[in-house]
Number of protein chains: 2
Amino acid sequence: MTAVLVIEDDDRIRLALLLALEDEGYDAVGAATAEEGLRAQRRDPADYVLVDLMLPGLDGFECIGQLRRDDDVPIVVISARDDTHDIVAALEAGADDYLVKPVAIKELTARLRALRRRARTGFGESASDRVPVLAFGELEISPDAGEVSRGGQPVAVTRTEFRLLCELAEHAGRVLSRQQLLQRVWGYDIGDERLVDVHVGRLRQKIEPDPTNPRHLVTLRGLGYKLQR
Amino acid sequence: MTAVLVIEDDDRIRLALLLALEDEGYDAVGAATAEEGLRAQRRDPADYVLVDLMLPGLDGFECIGQLRRDDDVPIVVISARDDTHDIVAALEAGADDYLVKPVAIKELTARLRALRRRARTGFGESASDRVPVLAFGELEISPDAGEVSRGGQPVAVTRTEFRLLCELAEHAGRVLSRQQLLQRVWGYDIGDERLVDVHVGRLRQKIEPDPTNPRHLVTLRGLGYKLQR
DNA sequence: GGATCTATGACAGTTGCGTGACAAATCAGC
DNA sequence: GCTGATTTGTCACGCAACTGTCATAGATCC
C-alpha cells in the first residue's frame, strides 16, 4: 500500500487529512513536528510526504531541506499561506507541489497520482534511451553522457574530477575514505592521500556555490568524503 | 534553451505569458487554439506545454489527451476555473500541474523547475541505496554515512567519538569495559582507562539532552559503559 | 567518613585538511 | 611530430580541530 507521511502541527487538520487519505486507500501516518516527521521518515520511509510550512521548532522549509538531503521522496507542501514568495521558496527548497489550505482531498490525491506518473515516466527522450541522471539538489550528474550541471547550467569538469564525482555519487550519502577513492578512481593500492584532497578541492570550486562551505561534497574529518543531497 | 509552448486563446494573456517567459530565459512559442498547438508541438516539440482549459474548438482536456498520446512532454494547465472537479479531471487526463489564473510568473517557473527536477530524478530509491540507521530513541547513528543526529538534527562528532559510539551501538544494551573499548576503538592493548571517560564525557555533551543525567550512554560503575534505548 | 571510582575543565602537542605554487604529463589542433 | 594549453600529481605551509594527559572536583559504595 502507498504510505503517506503527514507533517502538520494542527491536530484537527492532521487528523482530518489522515482520515481522508485512509478513506482513499492510502496508509497514512502523522507527525506533529518537523523533527518527529524527519525521524519517522528515516526509520520507516513513506512514499509521499505532506508538510505544513508553519511548524513549531524546525519550520517547513528546513524540514524540506532535511528531507531532500537524504531522500528523493515526493514532497507536497500544504500551507495556509498563498504568497508567491512562499510557494517559490518551498519549490526551490525541493518541494514537488504546493497546495493552499483548505485542500480538497480529491485534488490532493489526483496530484499525488500525477506526481507518481511523472516520476515514473521521466521526460525528454523515450523511456528506453533515457540517460540516467543522478541528482543532488541543483546538481545533476549523468554518468553515461559524461555531463555535470548545476541548476541546469553545464559545468566543465575534467575526466578525473568526473570519475571522482561519479564514484561519490554512486555511493551517495555514504562516506568514502581517501583510500577507497584512490583505489576506485585511480586504481592505486597505496598512494598519497593528499591527491584526493586536491581533486576534491578542484571539484568543489566547480560544483559548489560556496566552495568554502560545501553543501554536497562534504568532508568528514578523519573519515573521508561523501556526496549528499 | 528551454522551449515552452503556450496554448491559450486570449491574445492578451498569451502574449503576457510569452513575454514573461522570455524574460525568464525561456524560448516561448504561442498557439491560439488546441489544433494549432498540437500541430506546433508535432512539428517542433517544446520542453513544456502550458494549456488553457477553455479553448474554442477542441477543448483543453482533449488537447491534453492528444498531447499525451504521442508525447511525454510535461503539461501545465493554466485556467481561470478553480473547481476541484476540473483540476482532478485535468490531472487525470494527463496534466502534471494546474495553476489558477492569474498566475505569478515566478511561481510558474518555479513549478516548471520542480517538475523537471522530479522527472529527472524519478523516485523510489531501492533499498540498497538507502543508508542504514541505528536508532536509540531520538538518537540516530548511521555508520555508513558517518552521521549522528538527535531528533533529526545532525550532531557533529569527531572521529574518535564516532568510532566509540558505533562500537557501543553495535553492542547495544551490553556493557563494554574500558579495556574492551580501548582495545576496539583505539587498538591499545594497554593504556589509560581514563581516556575512555574523557571521550564518553565529550560524547555525552553532544548527544545527551541532559549530559549529567545520561539516558542512553550510561555508566555502570566498576564495569564500564553501555548504550541503551 | 574514608576509599574508590567517575566526571570535567584546561592545556599543549598533534593531526588532518585546504590551498596555492609548480613541474611533469597529457591532449588538441595543426 | 610540434607546440601551446590543459590536466594531473607533488609538495609545503598554515590554520583549525582533535586528542590525550593531568589535576581537581564530585559521586558512590561500604
Side-chain angles (χ1 to χ4, degrees), chain A residues 146 148 154-168 175-227, chain B residues 146 148 154-168 175-227:
Chain A
V148 179
V155 176
V157 296
T158 70
R159 193 177 32 181
T160 325
E161 285 159 10
F162 187 69
R163 284 216 205 114
L164 176 59
L165 188 55
C166 286
E167 199 55 50
L168 287 161
V175 202
L176 293 177
S177 70
R178 289 162 221 281
Q179 275 306 327
Q180 287 176 307
L181 289 169
L182 269 178
Q183 172 70 48
R184 298 180 187 203
V185 177
W186 284 269
Y188 291 4
D189 269 349
I190 56 157
D192 189 3
E193 301 195 341
R194 324 267 75 251
L195 176 56
V196 181
D197 298 19
V198 174
H199 278 90
V200 165
R202 288 174 182 157
L203 203 40
R204 287 214 260 243
Q205 294 296 328
K206 300 183 179 179
I207 63 171
E208 290 282 357
D210 175 10
T212 346
N213 278 54
R215 293 180 47 226
H216 299 299
L217 211 179
V218 298
T219 305
L220 295 174
R221 199 185 162 84
L223 299 175
Y225 297 99
K226 84 172 168 183
L227 192 65
Chain B
V148 179
V155 177
V157 296
T158 70
R159 180 181 41 177
T160 321
E161 287 158 10
F162 186 68
R163 290 219 193 111
L164 177 59
L165 187 55
C166 286
E167 200 55 51
L168 287 161
V175 203
L176 292 176
S177 71
R178 293 180 171 68
Q179 274 306 327
Q180 286 176 305
L181 289 169
L182 269 178
Q183 172 69 47
R184 297 179 189 210
V185 177
W186 283 268
Y188 292 3
D189 269 349
I190 55 157
D192 189 2
E193 300 195 340
R194 310 281 101 238
L195 177 56
V196 180
D197 299 19
V198 174
H199 283 277
V200 165
R202 287 175 182 156
L203 203 39
R204 280 187 183 141
Q205 295 296 327
K206 299 182 180 178
I207 63 170
E208 291 281 358
D210 175 11
T212 352
N213 275 52
R215 293 179 46 222
H216 297 118
L217 211 179
V218 297
T219 306
L220 295 175
R221 195 184 163 84
L223 298 174
Y225 299 98
K226 84 170 170 183
L227 192 65

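The sequence lines fix the lettering, A, B, ..., with proteins before strands; numbering per chain opens at 1. Any value given below was found using the heavy atoms of this structure, including those in side chains, with hydrogens, waters and symmetry copies removed.
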- request: Look at atom CZ of B:R215 and say whether more than 12 heavy atoms of other residues, nucleotides or ligands are closer to it than 6.0 Å.
  value: no
- prompt: Heavy atoms, side chains only, cut-off 4.5 Å: are B:H199 and B:L195 in contact?
  reply: yes
query: Atom CG of A:N213 and atom CG of A:D210: how far apart are they, to the nearest 0.5 Å?
result: 4.5 Å
Scan nucleotides 25-30 of chain D against the protein and return all N/O pairs shorter than 3.5 Å with their distances rounded to 0.1 Å.
| residue | atom | partner | partner atom | Å |
| --- | --- | --- | --- | --- |
| D:dT28 | O4' | B:R221 | NH1 | 3.4 |
| D:dT28 | O2 | B:R221 | NH2 | 3.2 |

query: Where do B:P214 and B:V218 come nearest, in terms of heavy atoms and distance?
result: O-CG1, 3.7 Å
message: Output the rounded distance in Å from CG (A:L220) to P (D:dA16).
response: 20 Å
message: Tell me the interatomic distance from A:L223, atom CG, to D:dC18, atom C1', rounded to whole angstroms.
response: 13 Å
- request: Report yes if a side-chain nitrogen or oxygen of A:W186 is closer than 4.0 Å to either non-bridging phosphate oxygen (OP1 or OP2) of D:dT8; otherwise report no.
  value: no
- request: Output yes when a side-chain donor or acceptor of A:R204 lies under 3.5 Å from a complementary backbone atom of A:L217, and no otherwise.
  value: yes
task: Decide yes or no for A:L176 and A:K226: does some side-chain heavy atom of the first lie under 4.5 Å from some side-chain heavy atom of the second?
output: no
- request: Just report the end-to-end axis angle for the helix from C:dG1-D:dC30 to C:dC30-D:dG1, five pairs per end, to 10 degrees.
  value: 50°
query: Within this structure, what is the CG-to-P distance between A:L217 and C:dT19, rounded to whole angstrom?
result: 12 Å
- prompt: Is the distance from OP1 or OP2 of C:dG18 to the nearest side-chain N or O of A:Y225 less than 4.0 Å?
  reply: yes
field: Minimum side-chain heavy-atom gap B:F162-A:L220 below 4.5 Å
entry: no
Would you tabulate the pairs of protein nitrogen or oxygen atoms and nucleotide nitrogen or oxygen atoms of nucleotides 25-29 of chain C closer than 3.5 angstrom?
none

message: Any heavy-atom pair between the side chains of B:Y225 and B:L181 that's under 4.5 Å?
response: yes
query: Expressed in angstrom and rounded to an integer, what is the separation of A:D210 atom CG from C:dT19 atom P?
result: 10 Å
- prompt: Does OP1 or OP2 of C:dA7 have a side-chain N or O of B:T219 closer than 4.0 Å?
  reply: yes
- prompt: Which value, rounded to the nearest 0.5 Å, describes the distance between B:L182 atom CG and B:Q179 atom CD?
  reply: 5.5 Å
message: Quick check for you: to the nearest 0.5 Å, what is the distance between A:C166 atom SG and A:R184 atom CZ?
response: 13.5 Å
Sub-4.0 Å heavy-atom contacts from residues 191-206 of chain A onto DNA chain D, ordered by number: A:L195, A:V198, A:H199, A:R202
query: Residues in side-chain contact (heavy atoms from CB on, under 4.5 Å) with A:V198, at least two apart?
result: A:R202
- prompt: Nearest-Å distance, CD (A:E161) to P (D:dT6)?
  reply: 14 Å
field: Shortest non-hydrogen separation from A:H216 to A:E208 and the atoms involved
entry: N-OE2, 2.8 Å
- prompt: How far apart are the C-alpha atoms of B:T158 and B:K206, what are their side-chain angles, what is the distance that settles it, and do they pass the side-chain contact (heavy atoms from CB on, under 4.5 Å) test?
  reply: CA-CA 10 Å; B:T158 70; B:K206 299 182 180 178; 3.9 Å; yes
- request: Please report, rounded to the nearest Å, how far the C1' atom of D:dC18 is from the CG atom of B:L164.
  value: 15 Å
message: Please tell me if B:Y188 has a side-chain N or O lying less than 4.0 Å from either OP1 or OP2 of D:dG20.
response: yes
Polar atoms only, N or O, under 3.5 Å: list the protein pairs with nucleotides 3-5 of chain D and their distances.
none

Residue pair B:P209 / B:P211: nearest heavy atoms and the distance that separates them: O-CD, 3.6 Å
field: salt_bridge(B:R178, B:D197) N-O dist < 4.0 Å
entry: yes
- prompt: Where is the tightest heavy-atom contact between A:V185 and A:T160, given as atom of each residue plus distance?
  reply: CG1-O, 4.3 Å
